Amino acid sequence: MGLAFRLFGRPFLALQDSEKAHLRAINLLKFFSSNPLTRVPMRLLYNPKKTIPVKFLGADYKHPFGLAAGMDKKAEAIRGWETLGLGFIEIGGITELEQEGNQKPRMFRSNTSKSLVNRMGFNNPGSEKTALQLKRHFDKHGRPNVPLWINLGKSKLTPLEQSASDYSTTFERLWVYGDVFVINVSSPNTPNLRELQNDEELAKIINACQEANEKLASQHLCNKKPILVKIAPELDDVQLKLVVNTAMANGCDGIVATNTTTSRPEPNSNSDMKAFAETGGLSGEPLNHLSTEFIKKIYQISKGEWPIIGVGGIMNADDAWEKITAGATLIQAYSGFVFEGAGLTKSIVHGLVKKLNQHGLSSLEEAVGLSHKKEALD
Ligand SMILES: Cc1cc2nc3c(=O)[nH]c(=O)nc-3n(C[C@H](O)[C@H](O)[C@H](O)COP(=O)(O)O)c2cc1C
């Protein structure tokens with residue numbers, strides 16, 4: 001199927017506007033996963049035949065590979081992602097208020113470097129409609145069969161100094177539905193959002209969410225939900241240390257590294273040149289190395305004792321392995337699905353099983369941060 005996608009799917013997608021291609025793909029996924037007759041062959045084709053059990057913040061994951069934020073902003077294809085065999089699904093980013101996002105076109109693709117540039121600007125239905133959508137989904141289908149993560153953003157209309165209440169309102173409204181929440185202070189397409197990575201602002205946001213977390217957990221007689229923070233790959237070393245220390249000190253359960261980059265590599269083709277000239281965040285292959293370097297640094301700062309989720313340019317099992325051995329316990333992708341197709345999960349999970357065997361490791365946990373341990377021995 002990977003070959004079929006490369007021969008037919010990818011050239012077909014290349015002819016389409018990136019956002020339209022994205023919407024069509026989501027609609028197809030929704031359609032095929034809504035019917036048992038098509039769900040069964042989808043599972044047979046795309047679901048990994050192997051598992052790599054991982055414990056993450058007290059929950060069981062069948063393998064470490066999940067869907068990154070931004071792909072399913074409206075939480076409308078949850079069954080589809082389940083059917084494709086993902087280990088976890090991150091929906092959103094969701095903001096307190098519904099918003100249209102930036103003017104179109106706002107997503108650009110370069111096939112030669114397997115990269116996307118986007119300036120979507122948090123187009124999403126807002127926290128109230130998303131809560132309703134999730135309620136309907138849960139009432140009809142029950143909880144998803146894998147952990148559901150929810151990405152929290154800030155509404156464009158909310159002034160920066162009121163960010164904490166914007167994030168915590170969304171968090172409260174969606175609390176019952178999510179298994180893990182990600183505070184996203186790193187999208188480049190909402191004016192000044194990245195300033196919220198500053199320690200004081202970040203602490204306020206985390207504290208507001210933690211307060212709601214405690215209240216809701218005691219109301220529902222259950223544990224608090226894990227809260228992670230997602231960072232940009234533009235932080236310098238001092239800023240990165242501050243963010244990590246602030247997030248850890250304020251009870252964040254881990255970090256997602258990284259969001260898209262505003263930097264640009266040298267273009268290697270006309271299509272690179274066109275896409276890279278657009279304003280927005282770059283994702284895909286050119287982000288791979290940068291995000292892995294961030295994972296390594298965070299692993300060192302946190303002495304390997306704080307969960308890291310690796311995202312950025314994962315296109316195959318080698319990329320996934322690099323992120324895990326750099327220190328990531330779980331990994332995610334967005335662009336990889338655009339360029340490699342629906343078979344990505346299966347190829348990554350099967351490839352990771354091979355890697356574990358090649359290295360004589362019996363669990364994924366033994367591979368997390370392995371490159372640091374090797375460097376220390378060399
Ligand atoms: C079109 C698009 C929309 C995105 N929207 C979000 C978002 O709402 N929240 C977020 O935290 N990250 C968002 N991201 C970033 C991805 O989750 C991911 O961090 C980034 O794309 C790097 O991973 P990749 O190289 O696998 O795409 C978006 C990415 C793209 C391409």
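Just so it is clear, the model here is predicted, and its values are computed rather than measured. Start at 1 with the first residue, then count along the sequence. Note that ligands are numbered from 1 as they come in the structure, with each ligand's atoms numbered from 1 the same way.
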ask   = Between Phe88 and Tyr61, how do the two ring planes meet: parallel, tilted or perpendicular, split at 30° and 60°?
value = perpendicular
Within 6.0 Å of CD in Glu266, more than 12 heavy atoms from elsewhere = no
query = More than 12 heavy atoms of other residues, nucleotides or ligands under 6.0 Å from CD of Gln239: is that the case?
reply = yes
task = Heavy-atom cut-off of under 4.0 Å around ligand 1: list whichever protein residues fall inside it, by chain and number.
result = Ala68, Ala69, Gly70, Lys73, Gly92, Gly93, Met107, Leu116, Asn118, Met120, Phe122, Asn151, Asn184, Lys230, Thr258, Asn259, Thr260, Ser283, Gly284, Leu287, Val311, Gly312, Gly313, Ala333, Tyr334, Ser335
ask   = Which residues, ordered by chain and number, are linked to Val40 in its hydrophobic cluster, where ILVMFWY side chains connect at heavy-atom gaps below 4.5 Å, directly or through other members?
value = Leu44
note = Residue pairs meeting salt bridge (Lys or Arg N to Asp or Glu O under 4.0 Å), one or both in residues 288-313, sequence neighbours left out, come to Asp237-Lys297, Glu293-Lys296
Which atom pairs, donor and acceptor, lie under 3.5 Å between side-chain atoms of residues 75-87 and protein residues at least two apart or in another chain?
unit_1	atom_1	unit_2	atom_2	d
Glu76	OE1	Lys30	NZ	3.2
Trp81	NE1	Asp72	OD2	3.0
Trp81	NE1	Ala77	O	3.4
Glu82	OE2	Asn145	N	2.6
Thr83	OG1	Arg79	O	2.5

